[in-house]
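One structure below.
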Amino acid sequence: MSTTDPQRDDANRVRIFDTTLRDGEQSPGISLNKQEKLEIAHQLARLGVDIIEAGFPITSPGDFESVQAISREVEGPVICGLARTSKQDIEAAWNAVRDSERPRIHTFIATSDIHIERKLQTTREDVKGQVRAAVAQAREYTDDVEFSPEDGSRSDLEYMAEVIQIALDEGASTINVPDTVGYTMPDEYRRMFEELFRLVPDLRAATVSVHCHDDLGMAVANSLAGVQGGCRQVECAVNGIGERAGNASLEEIVMLLHTREPTMGLWTGIDTTEIARTSRLVSRLTGYPVQPNKAIVGRNAFAHEAGIHQDGVLKERATYEIMDATTVGLRSNAIVLGKHSGRHALSKALQEMGFELDGQALNTAFKRFKELADRKKNVTAMDLEALVTDELREDVPGYSLEWFEVDASSLRPPHARVSVTLPDGTSATGSFTGDGPIDATFQAINAATGTAPALSEFTIGAVTEGQDALGEVSVVVELDGVTGAGQGVSTDIIDAAARAYVRALSVALARSQASDAVGLPEPTA
Ligand code: KIV
Ligand code: ZN
């Protein structure tokens with residue numbers, strides 16, 4: 001059935017509210033710049049999400065500018081900015097989203113006693129007053145206002161119902177009740193919504209939303225339970241990234257609703273064939289690899305190992321597959337270009353894939369394509385996607401790799417020399433004799449940059465199949481208590497690793513500078 005199928009009842013449409021760029025970006029080690037956030041937002045629009053929560057504008061000038069740029073450029077979804085209940089927060093959120101065709105302000109305050117007493121150090125009455133003022137202020141700017149009672153699943157239900165009634169009276173049109181700490185269970189969460197609908201009959205005229213964290217691995221199950229309890233908006237993030245154990249994973253909840261639509265009758269407006277590409281983009285730009293056995297988008301999600309399974313699938317795919325890989329955009333790896341393809345062919349192929357490159361960006365992409373085509377017989381859409389995304393990361397301010405050389409031999413320990421551009425624009429070289437070629441390269445980068453980070457994660461993979469495939473490396477480092485994640489792509493695995501490492505270092509540096517420079521101002525409303 002298509003999204004416009006007359007048999008589909010709008011009352012059963014579940015809105016997808018994507019928070020990859022806000023809650024997702026709160027994952028340790030992730031720091032996306034404006035260009036990267038824009039790239040993700042454009043892809044989310046292609047995916048067909050209903051709402052993009054583009055950021056938390058008061059938190060930093062960078063966040064404000066990114067939300068503003070997304071509001072100005074990205075068409076289709078509602079663009080939402082997060083705000084606490086303070087006047088400055090709501091004003092900042094509005095100024096950041098006001099240029100969108102469809103702006104939304106999302107304001108929140110905690111309603112659980114532990115948060116009210118310990119974190120906010122205030123009273124239930126004061127919280128009610130803050131909600132009244134915040135929603136009223138947001139409504140002066142826009143009709144589309146969402147309110148969330150933070151830590152809703154651990155709040156006193158009667159009290160939370162009173163707060164929600166206030167938000168509705170002041171004109172909020174979406175009420176999102178989060179399981180902020182990932183503590184609830186499906187039955188409990190569902191019953192909470194059923195009870196809220198009973199206590200606050202006005203909720204029936206609003207959009208009611210779920211927002212679940214994965215601390216106990218229940219985020220998607222809890223989100224589904226909320227939907228079965230009457231909610232029609234799901235807040236989620238691509239690859240399930242987010243605070244601590246992350247948010248409900250967008251691809252899992254969407255494919256759950258899609259696959260079980262015949263049973264549940266619930267549907268979304270998502271173009272599922274864009275799921276795999278969105279997942280790869282988010283993974284590359286955040287530097288967070290996707291675990292191989294991750295549902296829907298993991299490398300093994302559609303792989304069959306046991307002989308009995310392989311035999312079954314060859315005879316009839318449905319014996320062991322509940323979804324077709326092409327439905328989520330996997331295995332659509334058509335060859336697009338060859339060794340003799342020119343600049344025009346590259347530009348056309350990229351355009352068809354949704355990348356608008358010109359000038360210097362196109363020149364760089366062409367140079368990297370030619371390097372790849374010299375080594376690899378057939379350049380596929382996935383190769384091009386990896387190269388172009390990799391180039392985007394060149395904009396990360398901080399360190400950048402100029403060149404490296406490694407003497408590797410089975411007779412003596414490998415020796416690496418590198419040259420790196422430092423944040424002040426000067427070049428520095430470093431050398432090291434290490435345990436292996438990658439270790440030697442990382443240590444040489446440490447010597448050049450004068451840093452000594454701990455390597456917390458290192459993963460290596462291939463973009464496509466075959467011996468000539470592009471290699472892809474993800475690295476997470478910890479520098480002075482701050483984490484940074486980076487990813488690199490190249491036909492040479494040491495080059496990919498070195499690129500990933502300097503990016504992770506740059507991200508850690510940027511994050512530690514940002515946390516020194518801006519703390520969240522205390523709410524005053
Ligand atoms: O988890 C949470 O409670 C949140 C709110 C801001 C919605 O992210
Ligand atoms: Zn959250």
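Note that ligands are numbered from 1 as they come in the structure, with each ligand's atoms numbered from 1 the same way.
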Discussion item. Could you check whether Arg191 pairs with Glu194 (Lys NZ or Arg NE/NH1/NH2 to Asp/Glu carboxylate O, under 4.0 Å)?
Written reply: no

Item to complete: Please work out whether any backbone atom (N, CA, C, O) or any side-chain heavy atom from C-beta onward of Glu235 is under 4.0 Å from ligand 1, and answer side chain, backbone, both or neither.
Response: neither

Worksheet item: About how many Å separate OG of Ser474 and CZ of Arg503, when rounded to the nearest 0.5 Å?
Response: 11.0 Å

Worksheet entry | Ion pair check, Arg139 and Glu170, cut-off under 4.0 Å | no

Practice prompt. Could you say whether the N/O atoms of His211 and ligand 1 ever approach to under 3.5 Å?
Written response: yes

Fill in: Flag side-chain contact, heavy atom, 4.5 Å: Tyr189 against Met218
no

Worksheet item: Between Arg22 and Asp63, does at least one N-O distance fall below 4.0 Å, as a salt bridge requires?
Response: no

Worksheet item: For Glu150 and ligand 1, does the shortest N/O to N/O distance drop below 3.5 Å?
Response: no

Item to complete: Please name the atom of Asp23, restricted to N, O or S, that is closest to the Zn ion (ligand 2).
Response: OD2

Discussion item. Would Arg22 count as a contact residue for ligand 1, given that I'm defining contact as a non-hydrogen atom of the residue lying under 4.0 Å from a ligand atom?
Written reply: yes

Item to complete: Using a strict cut-off of 4.0 Å, indicate which atoms of ligand 1 neighbour a heavy atom of His213.
Response: 1 (O)

Worksheet item: Can we say Asp151 and Lys119 salt-bridge, meaning some charged N sits less than 4.0 Å from an Asp/Glu carboxylate O?
Response: no

Fill in: Asp151-ligand 1 polar pair, N/O distance under 3.5 Å
no

Discussion item. Run Asp215 and Arg244 through salt bridge (Lys or Arg N to Asp or Glu O under 4.0 Å) and show every step you take.
Written reply: CA-CA 7 Å; Asp215 299 67; Arg244 308 180 308 280; 2.7 Å; yes

Discussion item. Can you report which non-hydrogen protein atom sits closest to atom 3 (O) of ligand 1, along with the distance?
Written reply: Thr180 OG1, 2.6 Å

Fill in: Name of whichever N/O/S atom of His213 is nearest to the Zn ion (ligand 2)
NE2

Worksheet item: Is Ser148 in polar range of ligand 1, meaning some N or O pair under 3.5 Å apart?
Response: no

